[in-house]
Asks: 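Below is one structure. I have some questions about it.
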Amino acid sequence: MTFLVVSSAPLIKNERHFSAYSPYVDELNVWDKSSKLQFSFCCPVWNQDKGLLNKSIKFKINNIFKLREFNIKNKLNLIKTLNNSIKNIFTIYKAMKQADHIHLRCPGNMGLLGCLVQILFPKTSKTAKYAGNWDPKSKQPWSYKLQQWILSNTFLTRNMQVLVYGQWSNQTKNIKSFFTATYQDKEKEPLYIRNYTKPWHFCFVGSLSQGKHPELALEFVHQLRKKGIDAIMHYYGNGELKTRLEKDIRQLKAQDWAFIYGNQPKEKVKEALKYSHFLILPSQSEGWPKVVAEAMFWGCIPIVTPISCVPWMLDDGKRGVLMDAQNVDKTVEKLISFKANPKDLEHLSTQAAQWSRQYTLDKFEQELSKLL
């Protein structure tokens, strides 16, 4: 089966092989394992990684249809954008004409063009992975809303299953609630029994960037400490806010309770999640926040803003704490209220793990094979 991937995610050309964004490659490996596919790609191609966390592609690539990158937000570059878009549409059409199965990666510029062109192939088997926030009520760029509308329209979009994160009401029959996974069934092991009467350890895992709001995690732990809670903050990740965060730590004289480790190997992060009391992620936008599911797998209680499918993941607070990013003090008080009854925290930890351990790579592989 010729499996065509249409995506904004670039392939990175090296001397002997191609690579791509590491989690993206991991997922494609599972697709390949489940059905032994002949992969073709319709996407941008880079000659250097530009700082992207990438991983070598081991499976054979049957064909590559190179797309030109463009930015529809840049009005000053409108003519170039239109020219590149038209050329890309013809390239995508050519690629889809040769495919047995079309797989769109959305949202994104190339995903948008793919959504439009796939209308011309109503008989071809198709899937779309919508990796962003599917919440119909959320504020999103118009191009994302357009992609959602086309994918949901069963007259324009035929013979396609659209994989979205979370469960949403009033969806068309082609919208399928889905998930992503990190761990295998064989990796399950008894949870580390945490002592909630000792210092609380918080970890932040992810890019130190504007959208993730790592500074709110520091402020949150700082407020806890002011209230008399012995708490320690650990950061795993790097990004443009690292320098600012280091400055904030110095200003708060927090060098003995706030630590930045930068990007760390997967096993190091796994150890942090296995033994930390809480994961804190005050993000403003997510699709499926993979690190939240990973933390829950190890019984690390998530404290997360109620975005995208997070309320569903946390069962509206029964498997973690929903954080009010506009009112940190309110969430601080909510957490302090648990201090008098550590059993409640143990219950949250157990419930989090029970839920997350349903979604393993083994189940992920089974579900992908059903789609094909």
Asks: Under 4.5 Å between side-chain heavy atoms, hopping through other hydrophobics if needed: is there a path connecting F202 to Y275?
Replies: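 As far as the 4.5 Å side-chain criterion goes, Y275 and F202 are not connected within one cluster.
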Asks: Is the NZ or CZ atom of R158 both under 6.0 Å from the centre of the six-membered ring of F155 and within 45° of that ring's axis?
Replies: yes
Asks: Out of curiosity, K97 NZ to L4 CG, how far, rounded to the nearest 0.5 Å?
Replies: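 Answer rounded to 0.5 Å: 14.5 Å.
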Asks: Taking N84 for its side chain and F70 for its backbone only, find out whether a donor-acceptor pair lies under 3.5 Å.
Replies: no
Asks: Inspect the contact between K247 and E215 and indicate whether a charged nitrogen and a carboxylate oxygen are less than 4.0 angstrom apart.
Replies: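 No salt bridge links E215 with K247.
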Asks: Can you tell me how the ring of H222 sits relative to the ring of W257, calling it parallel under 30°, perpendicular over 60° and tilted otherwise?
Replies: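 The rings of H222 and W257 lie parallel, inter-plane angle below 30°.
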Asks: Taking all atoms of both residues into account, what is the closest heavy-atom pair of I280 and F204, and its distance?
Replies: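 Nearest heavy atoms, I280 then F204: O-CD1, 3.4 Å.
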Asks: Under 4.5 Å between side-chain heavy atoms, hopping through other hydrophobics if needed: is there a path connecting F90 to L113?
Replies: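 Unlinked, F90 and L113 end up in two clusters.
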Asks: Any side-chain donor-acceptor pair under 3.5 Å between T305 and Q284?
Replies: no
Asks: Going by atom types alone, do T360 and D185 pair a side-chain donor with an acceptor below 3.5 Å?
Replies: yes
Asks: Say you draw a straight line from CD1 of I301 to CG of L345; how long is it, rounded to the nearest 0.5 Å?
Replies: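 Answer rounded to 0.5 Å: 4.5 Å.
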Asks: Between E346 and K343, does any NZ, NE, NH1 or NH2 come within less than 4.0 Å of an OD or OE carboxylate oxygen?
Replies: yes
Asks: Under 3.5 Å, side chain of T157 to main-chain N/O of I150, donor-acceptor pair present?
Replies: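 Indeed, once roles are kept as given, a pair shorter than 3.5 Å links the two residues.
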Asks: Can you give me the closest heavy-atom contact between C115 and Q118, atom names plus distance?
Replies: O-NE2, 3.0 Å
Asks: Are W312 and W355 close enough that their ring centres sit under 6.0 Å apart?
Replies: yes
Asks: What is the distance from atom CG of L368 to atom CG of D32, rounded to the nearest 0.5 Å?
Replies: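 Going from CG on L368 over to CG on D32, the span is 11.5 Å.
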Asks: Is it true that the side chains of H101 and T127 contain a donor and an acceptor less than 3.5 Å apart?
Replies: yes
Asks: Can any side-chain N or O of Q351 pair as donor or acceptor with the backbone N or O of L348 at less than 3.5 Å?
Replies: no
Asks: Quick one: OH on Y93 to SG on C42, what's the gap to the nearest 0.5 Å?
Replies: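 Spacing of OH (Y93) from SG (C42) equals 13.5 Å.
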Asks: Is it true that a side-chain atom of R194 and a backbone atom of Y192 form a donor plus acceptor pair closer than 3.5 Å?
Replies: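 Judged by distance alone, yes, a pair lies under 3.5 Å.
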Asks: Taking S356 for the side chain and A353 for the main chain, is one N or O donor matched with an acceptor at less than 3.5 Å?
Replies: no
Asks: Anything under 3.5 Å between a donor and an acceptor, one on a side chain of residues 175-183, the other on a protein residue two or more places apart or in another chain? List them.
Replies:
| from | atom 1 | to | atom 2 | distance (Å) |
| --- | --- | --- | --- | --- |
| S177 | OG | G166 | O | 2.9 |
| T182 | OG1 | E294 | OE2 | 2.6 |
| Y183 | OH | W298 | NE1 | 3.1 |

Asks: Measuring from atom CG of L146 to atom CG of L116, what distance do you get when rounded to the nearest 0.5 angstrom?
Replies: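 Reported to 0.5 Å precision, the distance equals 6.5 Å.
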Asks: Please check this pair: side chain of S8 against backbone of M110, looking for a donor-acceptor N/O pair closer than 3.5 Å.
Replies: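 Between the backbone of M110 and the side chain of S8 there is a qualifying donor-acceptor contact (under 3.5 Å).
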Asks: Given side-chain contact (heavy atoms from CB on, under 4.5 Å), test W134 with C309 step by step and report yes or no.
Replies: CA-CA 8 Å; W134 188 260; C309 61; over 6 Å; no
Asks: Could you tell me whether the side chain of N153 and the main chain of L156 form a donor-acceptor pair under 3.5 Å?
Replies: yes
Asks: Connecting only ILVMFWY residues whose side-chain heavy atoms lie within less than 4.5 Å of each other, what is the rest of I193's hydrophobic cluster?
Replies: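 Once heavy-atom contacts under 4.5 Å are chained together, I193 still belongs with nothing else.
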Asks: Decide, yes or no, whether a salt bridge links E271 with K266 under the criterion of side-chain N to carboxylate O below 4.0 Å.
Replies: no
Asks: Please collect all salt bridge (charged side-chain N to carboxylate O under 4.0 Å, His left out) contacts where either partner lies in residues 48-71, sequence neighbours excluded, each pair once.
Replies: D26-K55
Asks: Can you check whether F278 and H201 have ring centres sitting under 6.0 Å from each other?
Replies: no
Asks: Can you tell me which residue pairs pass the salt bridge (charged side-chain N to carboxylate O under 4.0 Å, His left out) test with a partner in residues 204-214, sequence neighbours excluded?
Replies: K212-E286
Asks: Look at the side-chain heavy atoms of Ile, Leu, Val, Met, Phe, Trp and Tyr, link any pair under 4.5 Å apart, and say whether V6 and I86 land in one connected group.
Replies: no
Asks: Taking atom NE2 as the centre, does H17 end up with more than 12 heavy-atom neighbours from other residues, nucleotides or ligands that are less than 6.0 angstrom away?
Replies: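 Enclosed: over 12 neighbouring heavy atoms sit under 6.0 Å from NE2 of H17.
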Asks: Check P311 against S308 and note the closest heavy-atom contact, atom names and distance.
Replies: CD-O, 3.6 Å
Asks: Looking at W31, I'd like to know if the NZ or CZ of K129 sits under 6.0 Å from its six-membered ring centre while staying within 45 degrees of the ring's axis.
Replies: no
Asks: Is a side-chain N or O of K126 found less than 3.5 angstrom from the main chain of F121, in a donor-acceptor match?
Replies: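 Yes; at least one donor-acceptor contact below 3.5 Å.
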Asks: If I take atom NE2 from residue H277 and atom CG from residue L335, how far apart are they, to the nearest 0.5 angstrom?
Replies: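 Result: 11.0 Å between the selected atoms.
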Asks: So which heavy atom on A131 is nearest to which on Y165, and how close?
Replies: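 Looking at all heavy atoms of both residues, the shortest contact is O-CE1, 3.7 Å.
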Asks: Can you list every pair that meets salt bridge (charged side-chain N to carboxylate O under 4.0 Å, His left out) and has a residue in residues 358-372, with sequence neighbours left out?
Replies: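 Only K33-E365, K363-E367, E367-K370 qualify under salt bridge (charged side-chain N to carboxylate O under 4.0 Å, His left out).
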Asks: Could you check, using the six-membered ring where one of them is a Trp, whether F59 and F39 have ring centers closer than 6.0 angstrom?
Replies: yes
Asks: Which ILVMFWY residues can you reach from L191 by hopping between side chains whose heavy atoms are under 4.5 Å apart?
Replies: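 In the cluster with L191 there is nothing else; it is isolated.
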